[in-house]
Amino acid sequence: MDKVYKQQAVEEKWYKFWEESGFFKADPDSDKKPYSLLMPPPNLTGELHLGQAMQHAILDAIARFKRMQGFDVLLLPGVDHAGIQFEGTLNKILSKEGLTKGKLGREKWLERAWKYKEEVYQSFHKTWTAFGLSADWSREVFTLEPKVRKAVFEEFKKFWEEELLYKGAYIIQWCPKCGTAIEDLEMEYQERKEKLFFVRYQIKNTNDFIAIATGRPETIYADTGIAVYLNHPKFAKLISKNAINPLNGNELPIFEDKRVDKKFGTGALKITPGHDPLDFEIGKDHHLPTLHAVDKTGRMTELTQDLVGLKIEEARQKSVEKLEQLGAIEKTEDYIHSVPVCERCKTTVEPLISEEWFVKMKPLAEKALKNMDKINFLPKNYKKILSDWLKEIHDWSISRSLWWGHRIPVWYCQKCNPNHLVGKDKDMVISIEQPDKNCQTCGQKHWVQDEQVLDTWFSSGLWPMATLGWSDNTQELKKYYPWDFETSAPEIKFLWIARMIMLGLWFKDEIPFKNMFFHGMLRDLQGRKFSKSLGNGISPYDLVEKWGVDATRMALYGYSIPGRDGRTSRQLMDERCKNFRNFGTKLKNIYRFIIELKPQAIKNKHATAVGNLKNTDDKKIMEELNKTIQSVTKNLEGFKLHLATDALYEFIWHKFADVYIEKSKARRAEAQPILEYVFRISLELLHPFMPFITEELWQKLPHKGKSIMLTKWPRA
RNA sequence: GGAGUUGUAGCUCAGCUGGCUAGAGCGUCUCAUUUACACUGAGAAGGUCACAGGUUCGAGUCCUGUCAACUCCACCA
């Protein structure tokens with residue numbers, strides 16, 4: 001982040017010229033037809049990665065193309081506050097200063113957070129304007145700014161009024177390191193070889209035993225029952241008897257349940273509702289109590305007697321030792337299973353019971369499903385992928401135990417509702433600010449706000465609307481919604497894209513975007529994702545510094561095929577960039593030949609008119625040019641940027657330069673008008689992809705108008 | 001367990017609704033030697049388009065199956 005990006009002088013000059021001339025600005029008052037592109041807001045964390053650089057290159061090419069076609073283009077930029085990620089980074093910095101959230105307190109911590117946000121934002125911002133992005137910076141949005149805050153409040157309030165919100169103690173996935181609940185979608189799995197312990201539980205008042213297999217003996221303290229497979233002859237005589245918990249002597253009822261897999265372990269399952277989602281379900285149906293052996297910091301609770309305060313790993317070992325001493329371990333097996341870990345910090349996720357907020361998603365998903373046909377997905381099969389997920393939707397856990405984010409806009413009367421319960425008859429108020437009114441019960445004002453914040457995606461899901469000023473019915477919303485074009489990495493198709501579709505349809509009764517372009521993932525040569533921990537990332541800034549913006553953009557268009565992952569390496573990127581840097585040099589040399597080395601005889605003759613063509617070379621190159629115009633236009637309309645750039649490269653270099661220009665040397669004066677014309681049109685076609693060099697050269701050619709950005713898109 | 005994607009030159013990949021001797025960039029080899037451009041030009045070598053069937057006048061492209069690689073979702077006591 002402290003790296004200063006060195007933009008080349010030419011790029012800086014033109015970018016400044018465009019921006020200061022207001023060419024990037026959308027104009028809601030204009031009569032032109034709108035074309036709107038929504039930039040996925042990058043996370044507030046340092047630099048952009050190569051994939052985002054590609055996104056920006058894609059968005060910008062289409063924006064520039066549509067502008068030249070005469071649309072009123074809105075390319076709207078923004079930044080996401082990235083709740084968990086940003087908070088984690090800041091806490092790491094604070095811990096180096098010996099500070100913690102606890103020591104600072106919420107208010108001081110937030111002060112620090114906003115200060116840090118500004119620092120990151122400033123340096124970050126410099127780097128991401130670097131790609132030549134023709135975004136309307138005057139409309140830039142940050143997901144925690146007041147406009148979004150208001151929209152998020154509306155969203156929350158409407159959900160509440162529609163009775164789609166609920167709060168309660170449920171089993172959720174908890175990351176002990178991040179200190180918050182996370183969603184299934186925010187977890188990943190690591191395959192590990194662990195031990196499976198076969199533990200014997202004595203049947204009360206007998207010398208019989210029932211054996212169960214468990215990978216987590218430390219949670220035996222929180223067992224509240226034992227379930228066996230339905231109609232299992234082996235266990236028939238044990239049903240309705242009680243087993244004795246070997247670690248604390250508690251009595252555990254034995255019962256049947258069809259959800260127990262008869263093939264796994266012994267066919268009997270210890271039920272620990274506090275620490276396993278399946279057990280939670282089974283426990284609920286059989287009215288078992290819920291106990292906790294592990295707390296939210298990942299340490300053992302008082303329930304575990306002398307193990308209290310130990311970390312899970314240690315406690316597991318100690319529990320096994322104890323069980324061995326008691327002769328309760330029948331055998332031990334190795335087994336390989338996938339352990340869920342937090343996507344961000346790779347800490348093992350603990351299923352825990354916690355008070356969280358949820359949104360009932362079924363009605364939203366159903367509405368979305370009915371409207372999926374209205375969105376043009378690229379590639380097409382994403383419609384099915386998203387639809388399949390929507391059909392299996394489960395409720396959205398939206399609360400996070402963090403401080404960085406939109407604080408839940410709910411206030412409880414501390415006196416009358418100390419447990420912060422939720423419901424129509426409870427002493428609580430939905431409000432963005434501290435309520436002014438009195439509590440209905442006590443007639444006083446003891447309002448305290450809910451401690452938690454909303455999931456980052458709760459605000460990002462509203463991005464297409466919040467950025468245009470929803471819930472007010474703004475002129476922008478009327479003109480630019482639904483968005484014409486949105487792009488995203490496939491990674492966040494459920495977290496983000498599916499949410500935008502559902503929320504857009506729910507609140508605005510319209511799809512959020514007409515064209516949804518999923519680009520592929522850039523991977524290393526072994527097919528692995530780029531990541532900090534692997535150290536295999538490629539910095540787009542290094543490429544830009546070495547090869548220039550135009551060349552780097554061109555190299556990236558080669559990877560911009562919908563749904564196709566691309567394998568690459570620093571070396572491969574360098575090769576590709578080098579190739580397009582050479583292409584840029586070729587353009588400069590064409591310019592030099594056509595304009596600087598113009599024969600004396602025609603020095604002062606501007607040849608803009610291309611009359612009747614008699615020469616066969618002239619006819620041929622004009623035909624080829626027309627074909628290229630058609631192909632580039634068609635491919636841009638279809639968002640096939642790789643084909644558009646291919647066609648241009650092939651035409652300019654191998655048809656125009658290698659053939660036509662070579663041949664023209666014999667009849668230079670006569671060919672001059674065609675040379676100038678073909679070159680100028682070529683630059684215009686190339687401008688969406690290589691904005692800087694095309695502007696630089698176009699300005700030096702005989703031309704009309706202030707900028708190549710403002711020219712009319714060539715027609716065949 | 002469910003869904004999806006990929007398999008084309010040494011490498012990274014294009015190839016649209018099936019249509020002439022299958023393409024690009026990089027790499028390799030030969031030639032050109034100061035040309036608008038060596039950040040160049042001309043040319044060459046290199047592919048049974050994973051495999052096996054099928055549809056068709058015609059298949060890299062469509063269908064079925066097999067093998068391989070990958071991704072996503074669910075589950076994992």
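Just so it is clear, the model here is predicted, and its values are computed rather than measured. So that the names make sense, note that chain A is the first sequence line, chain B the second, and so on, each numbered from 1.
- The phosphate of B:rC16 has neither OP1 nor OP2 within less than 4.0 Å of any side-chain N or O from A:His642.
- Checked for salt-bridge contact, A:Glu333 and A:Lys331 meet the test: a charged N lies under 4.0 Å from a carboxylate O.
- Contact annotation: A:Asn381 does not reach the phosphate of B:rG4 (side-chain N/O to OP1 or OP2, under 4.0 Å).
- With rounding to whole Å, A:Glu188 atom CD is found 14 Å from B:rU71 atom C1'.
- The base of B:rC39 does not come close enough to the side chain of A:Lys578 for any donor and acceptor atom to sit less than 3.5 Å apart.
- Taking the side chain of A:Arg567 as heavy atoms from C-beta on, and the options B:rA42, B:rC76, B:rU12, the nearest nucleotide is B:rU12.
- The nearest whole Å value for the distance from the CE atom in A:Met187 to the C1' atom in B:rA74 is 11 Å.
- Within the 3.5 Å criterion, the main-chain N or O of A:Ile220 finds a donor-acceptor partner in the side chain of A:Asn245.
- Distance CG (A:Asn579) to P (B:rA38): 16 Å, rounded to an integer number of Å.
- One finds no side-chain N or O of A:Arg668 lying less than 4.0 angstrom from the OP1 or OP2 phosphate oxygen of B:rA36.
- Taking every side-chain heavy atom of A:Asp388 into account, B:rA3 is the closest of B:rA3, B:rC76, B:rC72.
- Between A:Asp565 and A:Asp184, the residue anchored nearer the 5' end of RNA chain B, judged by the nucleotide with its closest heavy atom, is A:Asp565.
- As rounded to whole Å, 14 Å separates atom P of B:rA24 from atom CZ of A:Phe580.
- A salt bridge does not link A:Arg216 to A:Asp276: none of the charged nitrogens lies less than 4.0 Å from a carboxylate oxygen.
- What separates OH of A:Tyr649 from C1' of B:rC26 is a distance of 10 Å, to the nearest Å.
- For a distance-only test at 3.5 Å, the side chain of A:Arg581 qualifies as a donor-acceptor partner of the base of B:rC39.
- Salt-bridge check for A:Lys578 with A:Asp574: failed, with every basic side-chain N at 4.0 Å or more from each acidic carboxylate O.
- Under 4.0 Å is where a charged nitrogen must lie from a carboxylate oxygen, and between A:Lys391 and A:Asp388 at least one such pair does.
- With a 3.5 Å limit on both pairing distances and Watson-Crick or G-U wobble geometry required, the stems of 3 or more pairs in RNA chain B span B:1-7 with B:67-73, B:10-13 with B:23-26, B:28-32 with B:40-44, B:50-54 with B:62-66.
- Partner of A:Thr219 under the side-chain hydrogen bond (donor to acceptor under 3.5 Å, both in side chains) criterion, out of A:Lys270, A:Arg316, A:His275: A:Lys270 alone.
- Using cut-offs of 30° and 60° on the angle between ring planes, the pair A:Phe494 and A:Trp389 is parallel.
- Checking the phosphate oxygens (OP1, OP2) of B:rU6, a side-chain nitrogen or oxygen of A:Arg564 falls inside 4.0 Å.
- Note on A:Asn589: every side-chain N or O is 4.0 Å or more away from OP1 and OP2 of B:rC39.
- Counting to the nearest Å, the P atom of B:rA36 and the CD atom of A:Gln672 are 14 Å from each other.
- Distances shorter than 4.0 Å separate some side-chain N or O of A:Lys586 from OP1 or OP2 on B:rG41.
- You'll find a donor-acceptor pair under 3.5 Å spanning the side chain of A:Glu662 and the base of B:rC37, going by distance alone.
- Residue A:Arg576 places none of its side-chain N or O atoms closer than 4.0 Å to OP1 or OP2 of B:rG25.
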